[in-house]
Amino acid sequence: MENPCSGKGTCGKCRVRLLGEWENKVSETEEKFLKKEEIKEGIRLACLTDVTDDMEIELLTQEKAGKVMTSGYMPDFQKEFRQGFGIAVDIGTTTVVTELVNMKDGMILAQDSMINPQKQFGLDVLTRITYEYDHPDDGVGKLQKAIVDALNHMIENMCTKAGVFPENIAEIDVAANCTMLHMLLGIDARQIGHAPYQPVFKEAQTIKAQKIGIRAGKETILYCLPSVSSYIGADIVAGAYVCGLQKEKENVLFIDIGTNGEIVLASGGKLLSCSCAAGPALEGMNITCGMRAADGAIEEVHIKQGGVKVQVIGGESPEGLCGSGILSVMKELLRTGIVKNTGVFVKKEAIPDSDFRSSLIRLNGTKREFIINHDPEIFVTQGDIRQIQLAKGAILSGFLALLNRAGISMEELSKVLIAGQFGAHLPAESLVGTGILPEFVKDKIIYVGNSSKTGAYMTLMSAKAKREIEILAEDISYMELAETENYERLFTESMIFPGKGREKWKR
């Protein structure tokens, strides 16, 4: 089942029903998340339920496999054909993507993807690093085992599908953020989580795959692409290389939107980068009715005179809001004036009863909520909007800080490249409608998909690509946003939602 907060009792999503005769004291936290009717029916939060004897429970929600992006833009490059087979890997904080490649001709024989199993230790890199702090004896080992077991499972699946023996795999190339690379190699990542935020390594790593427990050939090489800093990892270096930022003569912005927002600006022949903590809200987590992008997730919302219209992944009945759905409803709440540009709901009494919007807003005590669906109940709270606002402020402020440092204006940008699993599912209307990106760049947005995995494929098939990507990592400068002059003010200003273009509704 879903446990976005890793069992800390802060998300309220691990609901279970206690069956049989079982007394369990209801905590204050459970009273906050559960309705009185649910408590009477024996529903509790699993993470806050003490188990002192054998017991039987009913799962009320079950985790679904998410929709994972495996494809992306592939530039022309000179392949160096070799004997044997290779694996290209993208390890994201949220998802893992692999593909099996015939190195004799570069053909992709099979692909596999899954949700990163390290999520049980935390939804983002900082919570996983915190897990290492909290479990000094075995935290590093458990995090490594989770991802290595996942890779072994995926390699076995692909080899079986393609009729390939794992011992014939010559090389495995991995692109991932800096923390994920440390955790893959079993290297303590704790110093990434505190000042001065220095990783144990940034350079490309080459070892025998079997050294960390990957089941392939005895001589199989594991190559990890290089990083720039603790928070600009090999996944971003790979994306910058795939998009040819090092060759750009114009001003180009590359953004990977996820639990972190990593941004690289190519300007005047120089590459400048920064990272901002967007948090998991934009991927459906830390949101009251949020869920992963799976069947049953609302991915698009329209508020019309006739009510709320939704588009659901898989065409099923709605079960919750995924990241793209959250931004879609946020865009609509702003467009219709239900939420002000400060991120606050308008007062219910300010909307006449004759206005259809009045029936979509309800009071939960003194708190206002926007109702999207009644059965099951799917709604957006003021707290949810705050989470979106923080993520939006983080990304936009990073975007603007880079432009300020480079001394260029938005008008001088020629392209904005959107990479990554989450970014690929965000329409330009949602990105600019919520103010994550300025309206001015709407027609300059280009989606490049999973450029991290593409970069791993390129290094797998070309020694020249390996050399060039290692040089590129050294050429990308990193800017620490927290140390940027007036950054707090810029962040605060960037949290304001777009305030123009709201429709006037007829009564």
Side-chain angles (χ1 to χ4, degrees), residues 70-91 96-113 151 154-155 158-159 161-176 181 184-185 201-212 214-228 233-248 254 271 417 419 448-476:
T70 60
S71 60
Y73 165 70
M74 176 70 73
D76 291 330
F77 74 105
Q78 188 64 45
K79 300 182 180 71
E80 300 166 17
F81 301 123
R82 309 191 294 283
Q83 293 298 314
F85 301 91
I87 307 281
V89 182
D90 163 46
I91 302 176
V96 184
V97 175
T98 57
E99 60 186 18
L100 175 64
V101 181
N102 187 341
M103 296 175 71
K104 187 189 296 185
D105 56 15
M107 294 295 292
I108 297 170
L109 304 178
Q111 292 181 324
D112 203 359
S113 62
L151 290 178
M154 297 168 83
I155 290 170
M158 292 189 299
C159 287
K161 188 185 297 184
V164 170
F165 293 108
E167 53 265 31
N168 290 331
I169 295 172
E171 185 175 326
I172 301 171
D173 284 18
V174 180
L181 289 176
L184 170 67
L185 298 179
F201 68 91
K202 295 184 294 185
E203 302 79 11
Q205 303 291 306
T206 303
I207 63 170
K208 294 286 182 64
Q210 67 173 6
K211 183 179 179 181
I212 64 168
I214 291 180
R215 294 193 294 270
K218 289 183 179 180
E219 300 301 317
T220 303
I221 293 297
L222 176 69
Y223 175 78
C224 296
L225 280 69
S227 299
V228 173
D235 52 346
I236 305 306
V237 178
Y241 181 74
V242 167
C243 295
L245 294 190
Q246 70 278 17
K247 302 173 185 175
E248 276 289 350
F254 173 95
L271 298 174
L417 308 176
V448 297
N450 191 335
S451 55
S452 175
K453 186 267 301 174
T454 302
Y457 172 85
M458 292 177 73
T459 59
L460 185 68
M461 292 303 303
S462 169
K464 182 181 179 218
K466 280 190 178 74
R467 291 192 301 272
E468 290 179 343
I469 215 164
E470 289 172 13
I471 292 170
L472 176 61
E474 295 179 356
D475 288 343
I476 298 176

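Position 1 is the first residue of the sequence; numbering continues from there.
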- request: For Asp90 and Ser452, test the side chains for any donor-to-acceptor distance below 3.5 angstrom and give the result as yes or no.
  value: yes

field: Residue list, side chain to side chain donor-acceptor pair (under 3.5 Å) with Gln246, at least two apart or on another chain
entry: none

field: Glu219: partners by side chain to side chain donor-acceptor pair (under 3.5 Å), with sequence neighbours left out
entry: Lys208

query: Are Thr206 and Ile221 close enough that some pair of their side-chain heavy atoms sits under 4.5 Å apart?
result: yes

Inter- and intrachain pairs under salt bridge (charged side-chain N to carboxylate O under 4.0 Å, His left out), touching residues 463-472, at least two apart: Glu171-Lys466, Asp173-Lys466, Lys464-Glu468

- prompt: Testing Ile476, Leu271, Leu472 for side-chain contact (heavy atoms from CB on, under 4.5 Å) with Val228, which one passes?
  reply: Ile476

field: Sequence-distant partners of Phe201, ring-ring contact (aromatic ring centres under 6.0 Å, His included), two or more places apart
entry: His182

- prompt: Is it the case that Lys453 places NZ or CZ above or below the six-membered ring of Tyr457, under 6.0 angstrom from the centre and within 45 degrees of the axis?
  reply: no

task: Tell me, please, which residues at least two apart from Asn168 pass side chain to side chain contact (heavy atoms under 4.5 Å, CB included).
output: Phe85, Phe165

Side chain to side chain contact (heavy atoms under 4.5 Å, CB included) partners for Asp76, two or more places apart: none

Ser451 (side chain) donor-acceptor with Val448 (main chain) under 3.5 angstrom: no

- prompt: Would Val97 and Val89 count as a side-chain contact (heavy atoms from CB on, under 4.5 Å) if you check the C-alpha gap in whole Å, the side-chain angles of each, and the deciding distance to 0.1 Å?
  reply: CA-CA 6 Å; Val97 175; Val89 182; over 6 Å; no

